[in-house]
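Just below is one structure, and these are the notes that go with it.
Residue numbering restarts at 1 for every chain, and letters A, B, ... go by the order of the sequence lines. Predicted model only: the values in this text are computed from it and were never measured.
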Amino acid sequence: MSLPIDVEGVSVQFGGVRAVRDASLHVPAGSVTGLIGPNGAGKTTLFNLICQVLPPTSGRISIGGVDTTGMTMTRCAAMGVARTFQTPRGFSGLDVRNNVQVMLPDPRDSFLGALFRPGRGSDARARANELLDRVGLRDVAEQSHDRLSGGEQRMLEIARQLALSPKVLLLDEPTAGLDLPHQDRLRQLILDMRDQGLTIFIVEHNIGFLMRTVQYLHVMNLGEVIASGEPADVTRDPRVVSAYLGRGADAIARA
Amino acid sequence: MNLMQLLITVVTLGGVYSLLSLALNLQLGYTGLINFGIVAYFAAGAYTYVILVQPAPGEFDSYVFGFGLPVWVGLIGAGLAGSVFALITGWPCLRLRGEYLALTTFAFAEVLGSVITNADAITNGTLGFTNLPQPLENLVAPQDYSKLLAAMIALIVIIVYLVIRRITASPYGTVLKAVRDDELAASLAGKRIQRLRLQSFVAGAFISGIAGAIYTWYTTVASPGLFSADITFTVFIILTLGGIGSNLGALIGAFILIGFQEVVRGLATNPVVAERVGSVVVALEGLMFLLVLRFFPGGAAEALTRLRFRLTAKRRGRSDAGQNPDSGTPVLAASGDGSVG
Amino acid sequence: MLQYAVFGVIDGAFLLLATLGFALVSRVHQFLNIAHAELMSISALLTWWFSGGLHLPIWLAALIAIIVVAVLGLGIGRVVYEPMLVRGPAIMLIVSVGVVYLIHGVTEGIVPPGIKSLPLPDLPTIYLGSVRVTVYQLIIVVIAVLSFVGLHLFLSRTRVGTAVRAVSANRELARVRGVDVERATRYVWLIASGLAGLAGVALALVSTLTTDLAFEQILLILSVSILAGLGSIYGVALSAMIIGLTMDLSTVLVPSGYRTAVAFVVIIAVLVFRPRGLFGRKVRLV
């Protein structure tokens with residue numbers, strides 16, 4: 001059900017800047033893996049590469065053993081890769097439930113279907129409710145998307161991605177703007193998703209959160225992957241500590 | 001100024017415009033397509049209807065076609081004409097971003113305008129067709145016909161409104177809105193974006209074509225001078241006033257604007273003023289348009305919804321007036337950041 | 001034939017003048033200001049009124065008209081357009097339609113109907129070989145060239161010009177870097193509207209004025225701008241020439257009533273096949 005991610009020697013260049021240089025890492029299937037690094041390390045760019053937002057200038061990316069390098073975003077998504085963004089995105093004109101429901105396939109979402117079979121209630125709606133329950137947004141199901149808080153929009157984004165029944169889920173800084181109780185909730189959700197057989201790859205600045213959540217950790221700095229392994233080992237790695245020196249070194253030290 | 005006369009004109013002409021407005025709402029309000037070529041689909045429908053319905057040309061007529069078919073055939077033909085033109089013009093440019101789509105549809109509309117003016121054999125050129133028959137005109141006395149016409153048009157508007165409501169209230173309508181709000185996310189969810197946009201565009205054009213046919217019932221004339229870009233922009237103003245994204249708003253806007261035009265024209269009894277009244281109306285419409293765009297983007301529909309909530313909230317003693325699920329006008333909201341990460 | 005080519009150059013020069021201000025606004029504020037041509041119309045009509053009605057010397061009439069239009073453009077820019085910029089370029093296009101209605105309605109309401117033309121002194125026609133030009137046509141070419149050079153100098157040599165370039169590249173970044181964004185945008189409105197005013201005067205020099213001239217002009221301006229690529233200011237020079245020449249040389253083949261048709265063909269062809277035009281940046285499709 002879940003798929004592993006393999007990044008091999010990937011580089012990408014914008015103008016004169018090499019945002020990612022010769023990066024390699026492996027995300028085991030069904031694991032919860034994290035990616036940390038100081039600002040500008042290239043973490044989000046790496047996510048963009050994995051989702052085929054842009055193609056790498058060199059290197060190879062494969063998902064579940066299938067070479068996805070250079071694939072279109074839509075094909076990559078069709079393979080089961082879902083992703084959230086640093087600034088949560090949603091359908092601003094729809095209410096919470098519809099935001100999720102529209103991601104589900106529905107025989108009535110064609111033009112002729114609308115004319116001749118518009119009836120209410122189908123399992124799309126029930127399934128949307130289920131997903132809202134999982135992320136704890138059921139009681140605001142009728143609210144308009146724009147009225148949600150930032151943290152709620154984030155959880156909604158996760159629900160929308162889950163609606164696609166993905167095999168790989170990339171989360172881009174999911175805890176930003178979440179208070180501690182919500183962070184605990186998010187962690188619980190992540191572990192649930194893993195138990196249900198998803199591969200989860202998380203980019204985060206909140207190292208404390210990751211330490212309690214992930215099984216493996218990668219560290220990037222200046223476009224390169226400088227360390228990979230179990231969280232406890234990686235955070236004691238001198239290269240990692242020096243990368244963070246002066247930039248929240250105590251976060252690493254405390255972790 | 002006769003109140004009954006005013007009412008009849010508002011229902012008749014307002015009815016025609018409300019069909020156009022419903023069509024634009026489907027395209028713009030629900031799918032986010034800026035169609036600056038509305039008048040072309042309108043004109044295509046009008047001319048096709050006339051050609052299908054009028055009798056064969058006599059020896060003094062310069063045009064070539066007239067088939068004498070029944071009215072309902074003409075109406076369907078009008079709708080199809082609008083759809084076909086929409087397929088031709090929409091297909092190459094639907095992938096274009098908002099304002100580029102607007103310019104292309106506008107350009108295509110002007111090209112059709114040129115064709116209509118110059119293809120004498122088909123459209124009778126700048127003279128156009130006059131003395132067109134009106135449906136069921138033999139049923140009542142001539143002085144009462146305008147009431148019958150108004151009733152017929154009102155009926156058609158109601159039917160079209162109900163059909164559109166059914167479509168937009170279904171999951172299909174929700175998908176259209178999703179495509180409008182975040183095309184990338186919708187396509188990643190497996191929705192066929194181009195197909196959906198084309199469907200919406202063509203469906204709107206079908207309705208615009210029918211509106212064109214009905215328009216000739218009212219004017220009894222079909223000539224290029226009637227179909228100017230002004231009509232397109234009037235529909236935009238109407239929909240904005242009524243509330244982009246709201247089908248009911250489309251109707252309300254049409255009646256408000258046509259009503260406003262007729263009232264102002266009726267008040268201008270002084271001949272000097274009457275000459276200028278057209279410009280005054282244009283200026284005021286522009287002003288209203290700008291004010292609504294800036295300060296009341298939800299238009300009349302949103303104002304009504306707010307009012308209704310406030311009234312019912314008072315009754316229930318709650319204070320959460322202003323809650324607006326499935327808000328109708330994200331088209332006018334701050335444009336989102338479309339970048340990826 | 002050569003005569004038509006010369007007409008083409010003259011028309012091209014005029015189109016350059018008319019489109020420069022439009023292109024400046026489209027580059028800096030990222031939207032298409034359809035009302036640009038209405039400003040031209042106002043300037044032309046004011047020049048006519050000041051010189052014909054109030055009997056001011058033409059140069060003075062023109063100067064006042066340009067200043068009035070520049071200030072008017074600044075006002076509209078600040079009051080109407082700037083608060084709406086967040087809504088995105090598509091909405092801005094729709095807003096500018098509203099401005100056109102408002103201006104057009106007022107102008108048409110105030111101006112008496114009928115043909116108007118400037119009381120210009122009869123200047124001799126010049127013959128260059130077999131080609132005929134009037135002094136006024138030459139004046140237009142000179143004004144166009146001077147405006148183009150002037151704008152270039154402004155953007156590249158002055159402090160405000162550099163600020164304008166920074167703002168058009170990235171508004172937020174410019175603000176963060178300490179650029180006076182407010183001042184830069186004020187200059188942009190003034191200069192763009194002033195150019196519109198200048199174009200209006202130029203128009204008044206060579207043709208009779210009707211209240212509908214704005215509509216025809218804006219179509220041509222749009223086609224020049226789209227051909228150059230929205231956001232490109234320098235490319236406008238080339239595309240204006242191309243369109244000017246095409247319009248006039250095509251009258252050899254096609255009846256002259258089809259002049260505006262050239263504009264539409266260009267708009268459609270470019271947007272369907274190469275939306276970024278000749279020099280524009282790659283257009284993000286939605």
Side-chain angles (χ1 to χ4, degrees), chain A residues 43-48 51 53-54 72-74 76-78 81-83 85-87 89-99 101-120 122 124-125 141-147 157 160-161 163-164 172-173 203, chain B residues 26 29-32 162-193 195-196 198-203 206 244-245 298 320 322-341:
Chain A
K43 310 188 293 294
T44 300
T45 314
L46 189 65
F47 258 27
N48 286 343
C51 296
V53 170
L54 66 159
T72 63
M73 280 181 77
T74 329
C76 189
V81 178
R83 180 237 174 112
F85 295 87
Q86 276 178 338
T87 331
R89 299 165 68 124
F91 299 120
S92 49
L94 303 181
D95 67 23
V96 168
R97 178 184 297 118
N98 272 325
N99 255 281
Q101 195 170 335
V102 84
M103 306 293 277
L104 299 165
D106 186 328
R108 296 166 305 151
D109 67 11
S110 71
F111 186 78
L112 294 175
L115 274 182
F116 300 114
R117 289 190 291 174
R120 293 192 173 283
S122 77
R125 188 183 166 101
E142 312 269 316
Q143 276 223 28
S144 129
H145 177 269
D146 287 339
R147 299 186 144 261
E157 216 190 349
R160 287 170 60 233
Q161 297 305 308
L164 301 175
D172 201 341
E173 305 210 17
V203 158
Chain B
L26 185 64
Y30 278 87
T31 323
L162 291 174
V163 169
I164 294 232
R165 258 265 301 240
R166 189 152 147 130
I167 295 176
T168 55
S170 74
Y172 181 74
T174 315
V175 171
L176 288 181
K177 287 198 279 190
V179 169
R180 170 200 66 192
D181 286 341
D182 191 342
E183 167 169 314
L184 182 62
S187 79
L188 291 180
K191 310 297 177 193
R192 313 258 297 271
I193 308 292
R195 203 162 93 147
L196 288 166
L198 190 62
Q199 281 173 354
S200 167
F201 195 65
V202 169
F206 185 85
I244 301 182
D320 55 358
Q323 268 247 16
N324 214 347
D326 266 3
S327 142
T329 50
V331 176
L332 293 182
S335 88
D337 168 17
S339 62
V340 198

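Listed here is the closest heavy atom pair of B:Arg180 and A:Gly93: NH2-CA, 3.8 Å. In terms of heavy-atom proximity, B:Asp181 sits nearest to A:Leu94 at OD2-N, 4.0 Å. Contact record, A:Thr74 with B:Ser187: CG2-O, 3.5 Å, taken as the closest heavy-atom pair. When every heavy atom of B:Lys191 is checked against every heavy atom of A:Leu104, the shortest pair comes out as NZ-O, 3.5 Å. When every heavy atom of B:Ala185 is checked against every heavy atom of A:Arg160, the shortest pair comes out as CB-NH2, 3.6 Å.
Residues forming a ring pair (Phe, Tyr, Trp, His ring centres under 6.0 Å) with A:Phe47 (at least two apart in sequence, or on another chain): A:Phe201. With sequence neighbours excluded, the residues that form a ring pair (Phe, Tyr, Trp, His ring centres under 6.0 Å) with B:Phe201 are B:Tyr41.
The candidate from B:Ser200, B:Ala189, B:Gly190 with the greatest count of non-hydrogen atom pairs under 4.5 Å with chain A is B:Ala189.
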Exercise. Is there a side-chain contact (heavy atoms from CB on, under 4.5 Å) between A:Met73 and B:Leu184 once you walk through the steps?
Worked result: CA-CA 9 Å; A:Met73 280 181 77; B:Leu184 182 62; 4.0 Å; yes
Exercise. Stepwise, does the side-chain contact (heavy atoms from CB on, under 4.5 Å) test hold for B:Leu188 with A:Arg83?
Worked result: CA-CA 10 Å; B:Leu188 291 180; A:Arg83 180 237 174 112; over 6 Å; no
